[in-house]
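Scroll down for the structure; my scribbles are underneath it.
A quick note: this is a predicted structure, and the numbers were derived from the prediction, not measured.
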Amino acid sequence: MPSGDRFSSHRIMDIAISVKNLTKTIDGRTILKNINFDVYKKEVFTIIGGSGSGKTSITKHIVGLWQPTEGDIKIKGTSIVNLDKDELNKIRLKIGYVFQEGALFDSLKIWENVGFYYLEHTNKSKDEIIKIAIEKLKEVNLDESILYLMPSELSGGMRKRVSLARALATDPEIVIYDEPTSGLDPITSRIIDKLILDLKLRLGITSIVVTHDMVSALSISDRIMVLDKGEQKFLGTKEEFLNSKEPAAKMFIENAILKL
């Protein structure tokens, strides 16, 4: 696997997420094998791979939903492996998660969706939560006119942005995007790409993006990792990715060219 990249000179203090020797075995089947990477602060780190390659399995480990069979995961220097529930929840507050289909609650208004954490876990008043919702919607270029609408009244792109506003509600330092452009038309997809970059620049967000969208990957990524059947096949910059001889990387590039 190519290992050279211009990020290797980063200091330890610049590492937001560190994954070392991550292996996961379920019912005798190894779904992740010896995965190693660091994600640096304010970086857009993109993971690509076919269905079943292990992309989402990695993100489940990063947020502590799964425990590794072997290896370690550190968030800002703290290992999350075998943390107790309270300590893990403190770490999770630093991480926002944007689900593939948005995963908004259909029965809740937009302000309730964005402020869901505060509704469930704090004693904040309705007015306080609405104020937070307005602020977070502005961060994703939506205004308060949609506060009292239901998710079904919004376009796919707007629902995706509301999902992102909800992920930003706790002021996370890290956001994980699971297929952020899935199901969107090309124009709306590029709006989402721009938003991811804007949040990086304006708020200093560290981003992990799981995607099949090669246009998106090549537009927003600082570095790209390629997975194939649970194994890490490539890790490097966009330029290194485009010039890679690794078969798994070349397959994605060739497919992208065919689509174009």
Side-chain angles (χ1 to χ4, degrees), residues 16-17 39 42 44-47 55-56 59-60 62-65 75 88-184 188-189 191-211 213 216 220:
I17 300 167
V39 180
K42 302 182 184 181
V44 178
F45 185 92
T46 299
I47 305 174
K55 303 184 300 298
T56 301
T59 63
K60 285 180 177 178
I62 290 171
V63 297
L65 290 175
I75 308 295
L88 183 57
N89 284 336
K90 288 178 185 176
I91 297 286
R92 283 174 172 163
L93 282 177
K94 300 175 183 177
I95 305 173
Y97 201 107
V98 182
F99 295 90
Q100 181 172 345
E101 301 302 329
L104 298 178
F105 298 104
D106 293 337
S107 60
L108 298 182
K109 295 180 176 67
I110 297 306
W111 75 266
E112 293 170 309
N113 268 283
V114 176
F116 186 76
Y117 171 82
Y118 297 102
L119 285 170
E120 290 293 303
H121 300 287
T122 73
N123 294 318
K124 288 185 181 295
S125 67
K126 176 181 175 180
D127 286 346
E128 287 176 305
I129 296 172
I130 286 177
K131 185 176 179 181
I132 291 168
I134 291 171
E135 175 190 336
K136 299 308 172 184
L137 288 170
K138 283 182 180 177
E139 287 179 359
V140 298
N141 301 322
L142 293 172
D143 63 49
E144 59 190 271
S145 64
I146 68 168
L147 280 172
Y148 293 93
L149 297 180
M150 306 300 286
S152 60
E153 297 178 89
L154 303 182
S155 67
M158 290 178 76
R159 286 196 297 273
K160 195 80 79 168
R161 282 191 277 168
V162 170
S163 177
L164 179 49
R166 181 178 62 189
L168 295 173
T170 58
D171 297 317
E173 298 170 37
I174 298 162
V175 175
I176 297 173
Y177 302 84
D178 188 359
E179 299 286 359
T181 61
S182 174
L184 302 179
T188 307
S189 295
I191 291 171
I192 298 296
D193 288 344
K194 184 177 184 299
L195 189 53
I196 292 171
L197 291 175
D198 284 348
L199 291 171
K200 167 189 169 177
L201 294 171
R202 286 191 288 112
L203 304 180
I205 296 286
T206 300
S207 307
I208 294 182
V209 181
V210 172
T211 187
D213 184 342
S216 179
I220 66 175

Checklist entry - In this structure, are over 12 heavy atoms from other groups packed under 6.0 Å from K200 atom NZ? => result yes
Checklist outcome for this item: Applying side chain to side chain donor-acceptor pair (under 3.5 Å) to S189 and not counting sequence neighbours gives none
Checklist entry - Between G96 and P172, which heavy-atom pair has the shortest distance, and what is it? => result N-CB, 3.5 Å
Checklist entry - E135: what forms a side chain to side chain donor-acceptor pair (under 3.5 Å) with it, not counting sequence neighbours? => result none
Item to check | Qualifying residues under side chain to side chain donor-acceptor pair (under 3.5 Å), relative to K194, sequence neighbours excluded | outcome: D198
Next on the checklist: List the residues meeting side chain to side chain donor-acceptor pair (under 3.5 Å) with S125, not counting sequence neighbours, and say none if there are none.
Outcome noted: E128
Checklist entry - Do V98 and I176 have side chains that get closer than 4.5 Å, going by heavy atoms? => result no
Checklist entry - Should the pair D171-K136 be classified as a salt bridge under the 4.0 Å nitrogen-to-oxygen rule? => result yes
Side-chain donor-acceptor pairs of residues 137-146 under 3.5 Å, sequence neighbours excluded:
from : atom 1 : to   : atom 2 : distance (Å)
D143 : OD1    : S145 : N      : 2.8
D143 : OD1    : S145 : OG     : 2.3

Next on the checklist: Looking at every heavy atom in both L184 and G157, which two are closest together, and how far apart are they?
Outcome noted: CD2-N, 3.7 Å
Item to check | Least distance between heavy atoms, F105 atom then R166 atom | outcome: CE1-NH1, 3.6 Å
Next on the checklist: Is any side-chain heavy atom of S207 closer than 4.5 Å to one of Y177?
Outcome noted: yes
Checklist entry - Does atom NZ of K131 have more than 12 heavy-atom neighbours from other groups under 6.0 Å away? => result no
Checklist entry - Under 3.5 Å, side chain of D106 to main-chain N/O of S152, donor-acceptor pair present? => result no
Under 3.5 Å, which donor-acceptor pairs do the side chains of residues 114-124 form with other protein atoms, sequence neighbours left out?
from : atom 1 : to   : atom 2 : distance (Å)
Y118 : OH     : A169 : O      : 2.7
T122 : OG1    : Y118 : O      : 2.6
T122 : OG1    : K124 : N      : 3.3

Checklist entry - Can you check side chain to side chain contact (heavy atoms under 4.5 Å, CB included) on I192 and I196, steps first, answer last? => result CA-CA 6 Å; I192 298 296; I196 292 171; 4.2 Å; yes
Checklist entry - Given V63 and Y97, is the side chain to side chain contact (heavy atoms under 4.5 Å, CB included) satisfied, shown in steps? => result CA-CA 9 Å; V63 297; Y97 201 107; 4.0 Å; yes
